[in-house]
Each structure stands twice: as structure tokens, then as C-alpha cells.
S.K.: 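Quick one: the structure is below, and I'll ask about it shortly.
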Amino acid sequence: MTTTREPDSARAAPPTRALGPRVVDVIFRRREASILLVTLALFVYFSSVNSAFFSEANMRVLSHFTYPIAMIALGQVMLLVCGQLDLSAGHVFAFTPFVLLFFIEAGVPTAIGVVLAVAAASGVGLLNGLITVKIGVHPFITTLGMAFVLQGSTLIIADGRPTTPPDLGSVESEIFGRFPFVGIMWAVVLTALMYVVLTNTRWGIYTFATGGNPLGAREAGVPIDRIKIGNFMMCSALAGFAGTLEGYRISSFDPLSGGFTTMFFAISAAVIGGTALAGGSGTIIGGFLGALFIGVLRDGFTIEGISSFQLFIYLGVAIIISMVLNVWLSRLRRGAMLS
Amino acid sequence: MTTTREPDSARAAPPTRALGPRVVDVIFRRREASILLVTLALFVYFSSVNSAFFSEANMRVLSHFTYPIAMIALGQVMLLVCGQLDLSAGHVFAFTPFVLLFFIEAGVPTAIGVVLAVAAASGVGLLNGLITVKIGVHPFITTLGMAFVLQGSTLIIADGRPTTPPDLGSVESEIFGRFPFVGIMWAVVLTALMYVVLTNTRWGIYTFATGGNPLGAREAGVPIDRIKIGNFMMCSALAGFAGTLEGYRISSFDPLSGGFTTMFFAISAAVIGGTALAGGSGTIIGGFLGALFIGVLRDGFTIEGISSFQLFIYLGVAIIISMVLNVWLSRLRRGAMLS
Amino acid sequence: MSTDQSVDGYAIRTENIAKNFEAVVALEDVSIELQRGEVLGLIGDNGAGKSTLIKILTGFHRPDSGRIFINGEQVTPRSPSHARSLGIETVYQDLALVNELPVYMNMFLNKELRRGRLPLLNKRKMKQMAREHLDDMGVQLSSVGTEVTFLSGGQRQAIAVARAVYSDASIFLLDEPLAAMGAKESAIILNLIRDLKRKGDVSMMLIAHNYTQVVDVCDRVCLLQHGQITYNKPVGETSVQELTELVAAEYRLGNNGNASGK
Amino acid sequence: MSTDQSVDGYAIRTENIAKNFEAVVALEDVSIELQRGEVLGLIGDNGAGKSTLIKILTGFHRPDSGRIFINGEQVTPRSPSHARSLGIETVYQDLALVNELPVYMNMFLNKELRRGRLPLLNKRKMKQMAREHLDDMGVQLSSVGTEVTFLSGGQRQAIAVARAVYSDASIFLLDEPLAAMGAKESAIILNLIRDLKRKGDVSMMLIAHNYTQVVDVCDRVCLLQHGQITYNKPVGETSVQELTELVAAEYRLGNNGNASGK
Amino acid sequence: TGDDNGNGEAADNGNGGNGGGGAGNFPETPAWNFVFVNHVTTNPFFVPTQYGIEDASAMLGTEFQWSGSETSEISEMVDAFDTALAGGADGIAVSLVDLEAFNGPIERALSEGVPVLSYNADAQNQRLAYVGQDLYGSGYAMGQRIVELVGDGKVGLFIATPGQLNIQPRIDGALDAIRDSGADIDAQDIASGAELPDEVNAVESWYLGNQDATGMFAVDAGSTQAVGQIVEQQNARDNNLRGAGGYDLLEETVRLVSDGVLDFTIDQQPYLQGFLPVLYLYLYKLSGGVATPPETNTGLVFLDQDSAQLFLETESRFEGDSEEQKIVEPVN
Ligand SMILES: Nc1ncnc2c1ncn2[C@@H]1O[C@H](COP(=O)(O)OP(=O)(O)OP(=O)(O)O)[C@@H](O)[C@H]1O
Ligand SMILES: Nc1ncnc2c1ncn2[C@@H]1O[C@H](COP(=O)(O)OP(=O)(O)OP(=O)(O)O)[C@@H](O)[C@H]1O
Ligand SMILES: [Mg+2]
Ligand SMILES: [Mg+2]
């Protein structure tokens, strides 16, 4: 082998470039570059077709389409990377606001109530994790069962109809969803946090190892059970928090919100962002971008005035074409990085 | 190593037993034994709780709950074993009857129409396969996009409402769904067929190899692309045929039938039956039993008259408990096989 | 040289093969010949590109440039199946086993036995033959029906070797087929290789890091260095000593290079 | 014998270890001692149970019965982490690499370097040290940032070896650490082993099928057969010849057994 | 069939009038875009609604969009509403299946001068008017009819998707009416599933376990058809069954009513729920807000064996079983 040894620091700092091109370069080198480009292209397309698309009002709508999916996607990425998945995330999303409601009605201040409700949500994750890891039930089945249990419980607690949050006027209700763009801000902050966790901490490495080679990880002393359980908890906590934000935003705790649809969109976002279903590989930023991609499509076609029957066809075709483009772009990118 | 060499033929024919115990023994040695036992246990439970459960009439209902899920599950097992999956199967299920309708209205005899419609369905699978395999889009995304396209197309073709099949009285309509128990008979026949394909043909071995070790399979000369595409086609064809049977059975081609729910149940059936999502392992009979398990649960709780909100909780809890039992039984079984 | 259909007497001949993996130059310019009836030892450092060369010959990788002649005919294998149809059997370094399949199915992967003309597998026959092959190789294994996941390293390798060796191919490419084999099992397999050779008309390329084995069984040795063949001698004209020296020299050079590169 | 805290002078001592995998008896009754400061060679046929013994000592498997003493204390490792906390480092035969992670993360798996007290990884330091280790081992590799999936067999093994060897453990269990290594790289690693030994207070168990290497670097050799230790001699009292004979004898016996069993 | 539910392209060929250059003798108006936000966009119940929208749009030269949620998910509807607003819709009709969630968006729309109506489902808020039927009220009326028909005994009430807001209030209303009547009725609410096949299975399976049932009713289109089919198949009327019925005008349902298998099905003029809002929004825009839309009750019609005849023998856009435009001749 003749080695053209690439200095290992090359990635971090190409020496002789101005800031602008350098930023472009750094972005281009990342795996998420292609899905970012595809999303940007869609963005430009919709803006050019309908001037209202790139208005502040619609950016707010776009953020609403994006942030709940993005936040659940973060958790699903962690789980998928370690070889698990959570079908109950969408139902935790619907369930958690009612836990909060319970606390608020018991006189707990909202802020503390949110913390407790999110803790309760992560308790669901703990249960998912324990049943999956300790007993050995496939996560698909554990979380499917859990989803049904939560769905029934939520409907019973809510009496089958949406409830208006009791403290709509409060500062907390603003912070937890009502203030414009606050949802997406939470999502961005959490994305940054999870990004660091997955790429720059032991937990992240162990998550990859657990999904990539469970046997090898065990041999190397990675506590794979704890990693899986922890990620189940994180996923549920994120989903629960997202549900709370969403409940405040629309002034309605809705027992039918979330559900399998939202879970499904979140897993799609993760996969679109480049996370494998088989475990061992995935990116947090990709998950966020995947959610944004889905948001742009849904928002864009709706604002274009596509009616619902056609909307499905537009969505389907756009997804496939975009992802073909995505594959093609990432090949191009890898080719270009050679030279 | 001290080898207690087990004669390789031991599995096939234990020498000194009467037929009855021998059958039990053969069943017990199979991987699917535990889920079979769990399903039987549920069966006994529901029969004892409500005498109407084990009536001929309800067996027919049970068969209706089971056969469409079972048939789609067969295809999903093939796909999952080779490391793929098909989110569009439920929408092929809804779409295919309308293709048939088109042919019938064009004057094609029903029997030929069914063949053509199923061929059209497998065309959808071909497309799924080509996009996934040749372009390299993740099957999750390809089939998600395809699902949306089909949903929109079906709704448009159907004008958004169910249609009554035009040839309800015909012999064909009886064979293709209306005759009592004909659906489950089709499902059983197809299960037997697919069982042979997966376990006793090259195609089956290659399917395992493609999912278990794609790189190794390629090295060994397995045509993994063709295997994947073929299984996509099979899955779509099975789903399309199931949709046709279902349309005739309920005297209504319904554009909203199938969909993600049915697909989801089918994948659940596959996983409950012991098929891994990660590829490389799975059983056809398990897929069928998984569908039966789901059918028994849904039918049993409905016949018991569990009210709507609680139903979800019962379902969820029953799924989790049964699967815990399943894990425990299969450990027991493996332990017992030692002695 | 054997009296066969090949025009030039070579089972395999390559001209100026090059192969890059993104920034890594695996092969720069490899021209190598495998004569009919010969066992050729291919040696070289870790990461020298030996396995890459094999994978190009089996159609698993496509060369970036260069020409390949098989039995005198210019042909670039398109896929492992294609290579097999040209009479090439391979033991890959990674063994190419499917963990989820039982031993006997792995051994007969892509050359399954059928029941007469039916498209059904003849499992009984495959099991029986798998058992025989393993016994021949001196490898103990409780049941050929077990999945290969948990087999020992040597047992796994034996399956891969049996898959290739018990076939009627005319060219064998063996990529470190003895790496995990016990001393006894290695000896048996080396004997098998000698037997095959004795039958004639069979050519082999053997990659190994154990030069004793190389000198023991090969007719000729090639050294792959810097993406090129830098040494090519009949075994009679060399020795374990010389080969070891050769590689060590390279090390001292390479090490200096590394040191200065730091 | 070294002057250490261990009560009985043994780094590891096992008594009557047995382990079955369903119908397979992997270990029947293994009593073995690893003295402090000693390099013990463990040899045996494929499937003899060598790796199983190692995995029991690292807590990956639990023994069915028998007792384990580590540094004189009776303790059955609960998990690989537990074993590590007892000062045991291991190179597993399957390498325990995560394909999707880059070289340097694999090398530091479960002993990641942090940035001071922060829970953040010090990637720069890990990369730099990974590079140094590879250079020390004479293994060429273009970038320590590449994923390990596509590395050559020897490159992969080098990472696993580096992971274990460059640590401050006192007991090393090396399961065929040289199987895929080139002649040159093997020589370097054997030197590393000698260096470690020279530093004292380090004990090693080395599994290898290459008896030249065993005789070269070990102080004592044990043979594992029929799930028991059937041979145990200082290296000075044996030779490559004798070891080979030993195993071959077993083969002739075993083969007969097989033949009659057919 | 390009004009079935497209985004109002029908406007091009629907320009019937000549007066002021616009429709009829209206002045020429811009192609106003009216957005309908729905909670179950693919539900066959709303096919005639979409025809109504299409026809009114063609008549008036306006455009429309049919959007919302497939599964009555409120946040999705709110997003669709906000998108419409951001996209410059000229008027919005929304099925107010949530009491609070749309208050903010509606206020915002009104303050931007975009008129908002509610249709099919209502909440007391700023919206200009409601066109449709009271869901809970219709359920309550059905409950009273159930008591009348059945008197006492075990009654199954089927609901496709529990909690879904276009149907849950109906079942709540029915249960309340039964309770309020004081009749000795054991009413069980049963989930039947989102799709017709599931609904048929569930209804049959419940009936098999409860053959002493005196009544079977459903609150959504699919389950109603399923109830009819099972009552027919099982000859339940020869058993203990005294009453069966439900909602909406699926082809099969109408046949079952006309055959006397079902006692009734409730019709609520879905066509008008699409047609009228377009008209109201148009007039509002045209009049600069002077022509304030009126509250409109589209009625609660119990279709029985006699009246079903009419529906059975005709197919029309008003019932949603034909897209053909024609004058429907009365049967008698
Ligand atoms: N698919 C691939 N993608 C990227 N790099 C690769 C790929 N395959 C091989 N390489 C690189 O090419 C070089 C040659 O690898 P190869 O496996 O041919 O070495 P080798 O001579 O077989 O080594 P060993 O003796 O260790 O098996 C190595 O540096 C390896 O990392
Ligand atoms: N997890 C397991 N499940 C079932 N059988 C196993 C398992 N691990 C090992 N075995 C069996 O136990 C026996 C001993 O295997 P082991 O890996 O210890 O052999 P080894 O001495 O390391 O052989 P090699 O030299 O080939 O590496 C083999 O027959 C193997 O098939
Ligand atoms: Mg190699
Ligand atoms: Mg071993």
C-alpha cells in the first residue's frame, strides 16, 4: 500500500482559506451536507413558487411543522444508533401533557410540573428499556404494547376530548410553547446538546458501539444494557417535552395528538437524515434536518394550495426524488473530497 | 472440546415414539413453538371467558381478522429477512382492488383481472426494489414515498369513497374472498408455499444470506440485488392479493382500507413471530402465527365487549405480557431440548 | 507448463492493475502471473493490498485500470458469480459466512445441492457431505446443523475453506486460509492443497503470513510492496530466512520514513 | 516468583472450571495457573475451548462450575468491566471492534480520554496517541479517523492489540493476537510483549497456533484437550517439534475416533 | 377526472354569468382562494362536502383548497390553518373540533381581514358563523331514538376511532341521552377500527359475544355500514335485535336502510356544509363584510326506509355517490 497520509488534523482546520469558504468547506465535509442541500433546494423552490413561503408568518408555521418531529427524532436517533427503536414516542407525546395537567391541578407550579411530567415520561422510557433489555422482548413489541397502553390511558384521563391548559396566560406557558418560535428554539438547543452527547461523550461512543457490534461492545466492557435503557429514557423524555410544548402552543392538550403518525414522521426524519435502522450509525444533526425536510415539504405543498388527495402524491414523489438526489449528492461529495 | 455429537438426523425422526407424542415433539423443537403456545393459551382463555368465542361463526370472524395481516406478514418476513422492509404494503392492499376494478370495467374476466391486478401490484414492488437497490435509497424512504403516492392515487381513482365490486354474485368473487373461510384458506396455502420457498429453496438461503451478511453474500456470489427486488415484488403481490380478497369479502373496495395501520400490524406479526428487524433471521410460520396472535387478541377483547378506551390498554398489556411469556417459554424450550 | 486450452499457459495474468479507495492507494501497478498447475505464494505487509488484489480477481472490486487475463483470455470479472463461472473459487479473508445459517448451508452457499430436478434443496445430502468434509479436515464440530455464529475461530475458517476447496474449480484464491487454524488442522489442509495440486490442472494463489507454510507448499513467492510486485522467485531459490529478512528490511526503511514523517 | 501482593503468587488460578453450551461441552474440568510475571502459552485444537476459557476469565461468560482466583483472591468476574477493574486486559479473537467507529475511538473504547474534568472526549489526544501506537507497531494506516469497516485484516487486529497492550493492566489475555499480522508486525508485537514482561509484574496468557512464536516468547506452555489441561511444561523443556507431535498424535487418535463414529 | 377535488381549477370553466363580468350579475372579482381546514380529510363523509365546495367555487369563480388532518390531530389542523393564513388565503372555513386551539389563529385571521367560518363542528369563539349540525346534539337525538326503538336491554354503540373529534361527541351525546332517559339500557361503547374491514370484523365479533343485544348503532359511516351488514348476515332481527342504525349515506348503508335492515341513518347535508361556506365567504368579501354570514343549521334528518328509497334510486353529487352533474328527478 502506498499511503498518501492525510494529516489527521486536516478535517479540523484547512490552513489557508478565508472564513466564508472555510465554513462552506466544513459544512461540505460533513455527512449531513447532502440532506442540507436538498432541503435548501426545496426551500428555494417553494420561495420562488409562492412569495408567501418565505414570510415571517410562514416561517413560524414551518417551525411548528418542524420542532415536534425534530425533538422526537433526536431521541429516535439515539435509540436507532444503539439498535433499538421506540414506537410509543408519539403516545408519550400525547400522554405527558395530561400528567402535567394532573400536577397543575394538584397545585404544583407549572415549571416544576413540567419537570415532573418529563420525568414521568422518562419513567415510561425506563419501563420500555427494562422490559426490552432485562427480559429480552423485542423493542418493537415492547414499545408497541406501551403505545397502546398509553393511548388508552390518555383517552381515559382526558375523557376522550381535548382539554385547555389551565394556565394559558402564565410566563411558563409562554416559555413552554406559546411564545413565537420558542418551540424551534427549544429544538435547536436540544439538538445542539444531543449532538455533543452523541459525538463528544463516552455515552455517545457507547451508543454507537452498542448498536454497531453489541457482542464486541460487551467484550470491550461497554455497559450495553445501561446505554439502551438510558436512551429509551431520553427518547421518552424528549417526546414528552415536545408534547408539552405542542399542547401549550395550540392551547389544547389533545389526547389524539402525536400517536403513531408523529412517531412515524420522527423515525422517517431520522432515516432521511442518514440514520440506519440496523444500528451503529446515525447523526443528530441529520435527524433535525430530516424533520426540517419533512416540515418544508408539508408546509410548502400546503401553502401552494395542493388539496389533500393530491398532496399525498406530491409528498410521495417529492420524498423519493429528493432522496434520490440526496444519494447522488453524497456520492458527488465523497468524490469531490478526494480531489 | 468433548463432543457429544448429536446425530444430524435426530431432528428429522426420533426413532421410538408413537405418532401423537412425535408430532408434539416435532412442534416443540421448532422455534415457533413458543408463540404457538402463547396463542393457544390466549385461545383457551377467551374460550373459557366467553362461550361464543369458540363458535363456528366467531372462528370465521377470527379468520377475517387474521388472514389479511398474515398474508402481508409473509411478504414482510421475506423482506425483513433480507434486510429490507415495505411501508407501502398496506397501500398496495388498498390500491390493487381498484386496478382490478379498472380491468373488470374494461371487460376483462375477473380471474384474469385478478392475475393482472396482482401483477400490477408486484410492479409496484419492482419499482420499490429498483429505487432501493439500484439507486441506493433506504427502503424505509422508498416505500414511505411509494405509500403516499399510492394513497393519493387510490383516493383519486376511487373518488374518495368505497365502491361496491361489480361482480359480487360470480364464482370468482366467491373464490376471491366471499366464500366462508376462503380467505384464511388462501393464507394457509400461501404460508405453506412461502415456507417452502424460505426454508427449502436457494431463493430462501439467499434471502437469509442477503440479510445476514450482505458483504459476505456478495463475496460468495449471491445475487443480492435480485434477491431484494424479488422479495419486494413478492411482498407487494401478496399485499395486493390480500386487498382483493378483503374487498370481495366485505363487498366494498375501500380506498381507506389497509394503509399504514395494516402494514404496521403485518410487521408486528412478523416480529412477534420471531423475525428480526435487522435482517438475517425470521420464520414464515412465525409470521402467520403472529398474525393469528394479533387476530385472537382483537377478536377476543371485542367479543368480551371491552369498551373502546379500555380496549387499547387491554391490548397493550396483553401484548407485553404474552411476549414476556413467549421469551420465557422459548428459554424453557431450549433448556428442555438439552435434556 | 500443463497442456491445456489456455493460450499463454497462465491461469491468471494481470497487467498494471491499479486500485484506489478514495485517498488510499491500495494497488498502484500490479502485474502478476499465476501459471497453470502452480501454487503461488503472495506475501506482504498488513495493508499491502493482497486482499484487494484477490477481490479484484473475483470481481468483488473493479480495478481502476489495468488488464486481467484468465486462462489466456482478457476478461475483467464482473462479480463473484462471474468469476466462479470462469472456474475461480475463493476463500476470502473475512470468510464470507452467514452467521444465521447453519454450518452445512454456509458450506454449500451458492452451490446448493438440489433434489434431482426439483428446485428444492437436498438438505440431507448437504449435511452428510458437510460432515464428511469437516472430518476430512480433522475439524471437530458437534452438529453441522448449528448456526455458525458461535463457532470457534478455527471452526468458522474450516467451513470457508471447505466451501472453496471441495469444488471442481481450476483456480483457487486462498486469502490467509490458515490464519485461525490449529497446527494439526493446518497440516491437514496443506496436505489437501498438495493433493489438489498433484491431481494437476489446478492453480492456486495463497496468501499467508507464515513463511514456513509458504515455503512448504508453494512453488513460487511474490512480494507485494508499495502497491507493486517487488519480488518474484521460485521457492527453491529462497528460504524462510530470506523472506523474513526482506520484509524486515522494508520495515526498517518504512519505520524511518514514518519517523521522519511525524 | 515476583514479590507482589498476591497471596499465592498466581496472577490467575482456576480450579475445575466447566462450561457447556447447550449440548456442547466446551470445558470439562480446567485447572490452570498463570504465575505473576509469566507468559503462558495456551495451545490446543480448533474448538478445544481456549477462547471459552479466556471469555470466562474476562467475565464475558459465566462458568457452570469451578473457582477462579485472581491475584490470590477468589472472584468470578461478573463482566468485562469487572475483569478490567481487576487489572485484566484482553485481546479477543473476534477483536471486539465497532465497524462504524473510527480507528482511534476503537483503540480507546472504554478507556476514552477526557478533556480534563469535563465529560467531553479529548479527540485530539486520542488521535495523536492512536497514531503513535500504530507507528510503534509498524502498522501503516492512512488516517486514524477512518472507520474500521474496510481496513485490512491485519490493520484491524493491530487496533485490537493496541487497545489491550497500551494500558497499565497487570494481566493480559491475548487470544491469537497475531493470527492476521504480517511477519514484520508480528515480530514487533512479540518484542512489545517481551518489553512488557521485562518491565515486570505483568502476566500474560497467549493463545497461538504458531508454535514457533509460542516457544519464542512464552515461559510455559499448556495444552487444552478434551476440555482439560493435558500438558503443562516450561518452554525450556519442550520444542516446536514436540508440541507439533503432541497435537498430531491427538489427531491420529481423534481421527480414528471419528472414523469409528461414522 | 381533473376536477374532483383539485385546487379550484374548475373556476376556469365555471364562469356561467355575464352581468358584471363576474358570476351572475356580480362584478368581476379576483379569484379568491378559500381554504377548508378539515379534521378527517380523506373521510368519505366529506366527499359531497368537497363537491359542494367545488360547485360553489365554479359558480363564483373562486378557488379552494382542502387541507387539514387525516386523523383529527389538532396541531396538524392548526398548522394547516396557519399555513393558509401565511399563504394569503382570502377566507377560511374550519371544522372546529377543539374548543380553544383555534381561538388564537382565528383572532389573527380576523385581524388581518380574513373571514373565518366554522363548518361541521363548532366552538363558541370569534368565528363569523357556523354551518352544520351540532355533533353532540345529533348524537343526543340518536340516543333518544335508540331509547324509542329498543326500550331496554344490551346495546352496542360502535365508534371507529375513539377520541376522534368528529365522532366522539356523537357517542357521548348518545350515551348521555340514554342515561338521561332512565331506560334500562346497558350501552357498551366499542372501538371498531379505522377501516371498513376491521369495522365489519369488530361488529360481527361483538355481536357473536352478545347475541342478547337489543340494539346496535354506530356513530361513523364505516361502522354504520358494518352494523347493517352484520345485522343482515346474522339475521339478528330474528334474534333479540329491535333496533339498528347510524350515520351517513354510504351506498351500502342506504341500501340496508331501504331494505329495512337498519332503522335509520342520520343525514346532515354534507353537500351544503361545503357549498354554503363558500357562498358566505364570497358574499362577505364582496360586501366588504356587510353581508355577515348567518348561523346555519344544516339539519338533522333521520333517513328511514321510505325516504331511503329516494336516495337509493338516485346517484348524485349531493349524496356523494356520483360526480356527475345532472338534474336529479324526484322519484315520486
Ligand atoms: N473497501 C475499502 N475501502 C477503503 N479502503 C480499503 C478498502 N479495502 C481495503 N482498503 C484499504 O486498502 C489497503 C489494502 O488493504 P488489503 O485488505 O488489500 O490489505 P492486505 O494486504 O490484505 O492486508 P492484510 O495482510 O492485513 O490482510 C488498506 O490500507 C486498507 O485499509
Ligand atoms: N456462545 C457459544 N454458544 C455455543 N457454542 C459455543 C459458544 N462459544 C463456543 N462454542 C463452542 O464451544 C467450543 C469451544 O469453542 P472455543 O471458541 O473456545 O474454541 P477455541 O479453542 O478458541 O478454538 P479456535 O482455536 O478455533 O479459536 C466449540 O465447539 C464452539 O463451537
Ligand atoms: Mg488481507
Ligand atoms: Mg478461539
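Note on naming: letters A, B, ... go to the chains in the order of the sequence lines (proteins, then strands), and numbering restarts at 1 for each one.
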S.K.: Considering heavy atoms only, which positions within residues 171-180 of chain C lie below 4.5 Å of chain B?
M.R.: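 The residues closer than 4.5 Å to chain B amount to none at all.
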
S.K.: For the OG atom of C:S79 and the CD atom of B:E219, what is their distance to the nearest 0.5 Å?
M.R.: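 Nearest 0.5 Å value for the OG-CD distance: 13.0 Å.
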
S.K.: Taking atom NZ of C:K111 as the centre, report whether more than 12 heavy atoms of other residues, nucleotides or ligands fall under 6.0 Å from it.
M.R.: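 Above 12, so yes.
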
S.K.: Identify the residue among C:N106, C:L121, C:N110 that makes a side-chain contact (heavy atoms from CB on, under 4.5 Å) with B:I205.
M.R.: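 Passing option: C:L121.
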
S.K.: B:V196 versus chain C, heavy atoms under 4.5 Å apart: side chain, backbone, both or neither?
M.R.: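 The side chain, not the backbone.
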
S.K.: May I have the list of side-chain donor-acceptor pairs in residues 220-232 of chain B shorter than 3.5 Å, sequence neighbours left out?
M.R.:
unit_1, atom_1, unit_2, atom_2, d
B:N231, OD1, B:W203, NE1, 3.0
B:N231, ND2, B:T207, OG1, 3.3
B:N231, ND2, B:I227, O, 3.3

S.K.: Answer whether the closest heavy-atom distance between the side chains of B:R202 and C:F108 falls below 4.5 Å.
M.R.: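 B:R202 does not reach C:F108 side chain to side chain.
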
S.K.: How long is the span from the CG atom in B:N200 to the NZ atom in C:K123, to the nearest 0.5 Å?
M.R.: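 Answer rounded to 0.5 Å: 4.0 Å.
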
S.K.: What are the residues of residues 59-66 of chain C, in order of number, with any heavy atom under 4.5 angstrom from a heavy atom of chain B?
M.R.: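 Result: C:G59, C:F60.
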
S.K.: At a 4.5 Å cut-off on heavy atoms, which part of C:K55 comes close to chain B: side chain, backbone, both, or neither?
M.R.: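 C:K55 touches chain B through side-chain heavy atoms alone.
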
S.K.: Output the residues of residues 84-99 of chain C for which the shortest heavy-atom distance to chain B is under 4.5 Å, in residue-number order; output 'none' if no such residue exists.
M.R.: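 Counting heavy atoms that sit under 4.5 Å from chain B, the residues of residues 84-99 of chain C involved are C:R84, C:Y92, C:D94, C:A96, C:L97, C:V98.
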
S.K.: Quick check for you: among C:R114, C:R163, C:H82, which has the greatest number of heavy-atom pairs under 4.5 Å with chain B?
M.R.: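 Highest number of heavy-atom pairs under 4.5 Å: C:R114.
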
